[in-house]
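Quick one: structure below, then a few questions.
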Amino acid sequence: MKLTSLVALVPIAVVLDQWIKRLVETRLNYEELVPVLPFLGLYRTWNPGIAFSMLSGLPDNILLLLTALIIGFVLYLWSRATTGQLAARIGFALIIGGALGNLVDRVWYGHVIDYVLFHTPIWSFAVFNLADIFITFGAALIIVQELVDWRRNRSASAN
């Protein structure tokens with residue numbers, strides 16, 4: 001896959017994330033559960049921090065700087081990936097797209113819009129959004145790529 005195709009994943013992820021968040025903000029009541037499946041619901045809320053509301057007590061400019069540093073670090077790692085590391089390269093694009101989607105929220109609103117809730121009658125997982133899914137899936141792709149590379153290198157050095 002060409003680099004331009006991979007780079008195109010970034011704005012696609014941001015636009016899709018922002019489009020869904022706009023629908024959520026205009027069509028769902030704040031903190032009202034809308035059941036989708038017995039274990040899944042839509043639940044519009046705002047996250048003033050980063051993942052799982054961590055660091056929510058920090059000022060916005062610190063959170064913006066932290067996000068920018070993380071994006072910069074991921075761009076650096078992406079630049080070091082070889083053309084043969086397709087899963088990792090896709091993963092880096094998804095992480096950057098997701099981080100930028102959440103960064104847009106923080107700049108425009110001062111918080112991140114979350115709306116997906118996994119739950120049972122006695123337990124619920126943190127509320128998250130599509131950008132968080134992109135970041136998580138991207139990280140999983142990078143880990144898979146690292147495991148494949150490690151196994152390939154281990155086999156090559158054994159021969």
Side-chain angles (χ1 to χ4, degrees), residues 1-37 39-81 85-120 123-146:
M1 185 176 267
K2 289 186 168 191
L3 182 60
T4 53
S5 300
L6 294 171
V7 171
L9 282 175
V10 174
I12 289 169
V14 173
V15 167
L16 187 58
D17 173 66
Q18 288 298 304
W19 176 65
I20 291 173
K21 286 175 178 171
R22 191 77 189 114
L23 289 174
V24 165
E25 281 292 286
T26 58
R27 304 219 170 131
L28 290 179
N29 292 326
Y30 187 72
E31 294 188 343
E32 181 180 306
L33 180 63
V34 177
V36 176
L37 297 170
F39 57 87
L40 177 69
L42 299 176
Y43 185 81
R44 177 179 153 225
T45 191
W46 299 332
N47 180 352
I50 57 173
F52 310 110
S53 294
M54 291 187 300
L55 308 177
S56 59
L58 291 178
D60 281 346
N61 59 346
I62 300 295
L63 293 174
L64 291 170
L65 177 63
L66 183 60
T67 304
L69 289 172
I70 291 168
I71 290 170
F73 180 66
V74 173
L75 282 169
Y76 167 75
L77 294 175
W78 189 2
S79 74
R80 297 183 47 85
Q85 295 176 307
L86 181 59
R89 294 169 65 212
I90 293 170
F92 291 129
L94 289 173
I95 290 171
I96 292 168
L100 287 172
N102 283 339
L103 182 67
V104 167
D105 284 10
R106 187 160 313 285
V107 168
W108 283 353
Y109 307 114
H111 56 261
V112 174
I113 300 163
D114 287 333
Y115 52 86
V116 178
L117 174 65
F118 279 109
H119 63 91
T120 69
W123 171 86
S124 68
F125 188 72
V127 185
F128 56 96
N129 60 44
L130 183 60
D132 298 333
I133 294 169
F134 288 146
I135 292 167
T136 302
F137 188 67
L141 285 173
I142 293 166
I143 290 168
V144 166
Q145 184 71 65
E146 288 296 319

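Since the model is a prediction, treat every value here as computed from it, not as a measurement.
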Closest heavy-atom contact between Gly97 and Ala13? CA-CB, 4.0 Å
Measure the CZ-CH2 distance between Phe39 and Trp123 for me, rounded to the nearest 0.5 Å. 11.0 Å
List the atom of Tyr30, the atom of Arg44, and the distance in Å for their closest heavy-atom pair. N-NH1, 3.3 Å
Quick one: closest heavy-atom pair of Gln145 and Ala87, and the distance? OE1-N, 3.1 Å
Under 3.5 Å, is there a donor-acceptor pair between the side chain of His119 and the main chain of Leu117? no
Return the CG to OG1 distance between Leu103 and Thr67, rounded to the nearest 0.5 Å. 5.5 Å
Close side-chain approach of His111 and Asp105, heavy atoms under 4.5 Å: no
Return yes if some donor-acceptor pair links the side-chain N/O of Ser79 with the main-chain N/O of Tyr76 below 3.5 Å, else return no. yes
Go through it in stages, so that I can follow the logic: the residues are Leu58 and Ile50, the test is side-chain contact (heavy atoms from CB on, under 4.5 Å), and I'd like the CA-CA distance, side-chain angles, deciding distance and then a yes or no. CA-CA 10 Å; Leu58 291 178; Ile50 57 173; over 6 Å; no
Please round to the nearest 0.5 Å and tell me the distance separating atom CG of Leu77 and atom CZ of Arg89. 14.0 Å
Glu25 versus Trp46, side-chain donor and acceptor atoms under 3.5 Å: yes
For Phe92 versus Ala81, what's the shortest heavy-atom pair and its separation? CE1-CB, 4.1 Å
What pair of heavy atoms forms the shortest contact from Tyr43 to Leu33, and how long is it? CD1-N, 3.7 Å
Closest non-hydrogen atom pair, Ala93 against Leu6: CB-O, 3.5 Å
Would Leu42 and Val24 count as a side-chain contact (heavy atoms from CB on, under 4.5 Å) here? Give the steps. CA-CA 9 Å; Leu42 299 176; Val24 165; over 6 Å; no
Classify the ring geometry of Phe128 against Phe125: parallel below 30°, tilted from 30° to 60°, perpendicular beyond 60°. perpendicular
First locate atom OH of Tyr109, then atom NZ of Lys21, and finally report the distance between them rounded to the nearest 0.5 Å. 9.0 Å
Is a donor on one side and an acceptor on the other found under 3.5 Å between the side chain of Asn129 and the backbone of Asp132? yes
Are the side chains of Val116 and Val127 in touch, meaning some heavy atoms are under 4.5 Å apart? no
Under the criterion side-chain contact (heavy atoms from CB on, under 4.5 Å), I'd like the reasoning laid out for Trp78 against Gln85: C-alpha separation, chi angles, the key distance, then a yes or no. CA-CA 10 Å; Trp78 189 2; Gln85 295 176 307; over 6 Å; no
Is a side-chain donor or acceptor of Glu31 paired with a backbone partner of Thr45 at a separation under 3.5 angstrom? no
Asn102 side chain to Val112 backbone, donor-acceptor under 3.5 Å: no
Using 0.5 Å steps for rounding, measure from the CG atom of Leu66 to the CG atom of Asn61. 11.5 Å
Distance, nearest 0.5 Å, that separates CG of Asp114 from CG of Asn47: 5.0 Å
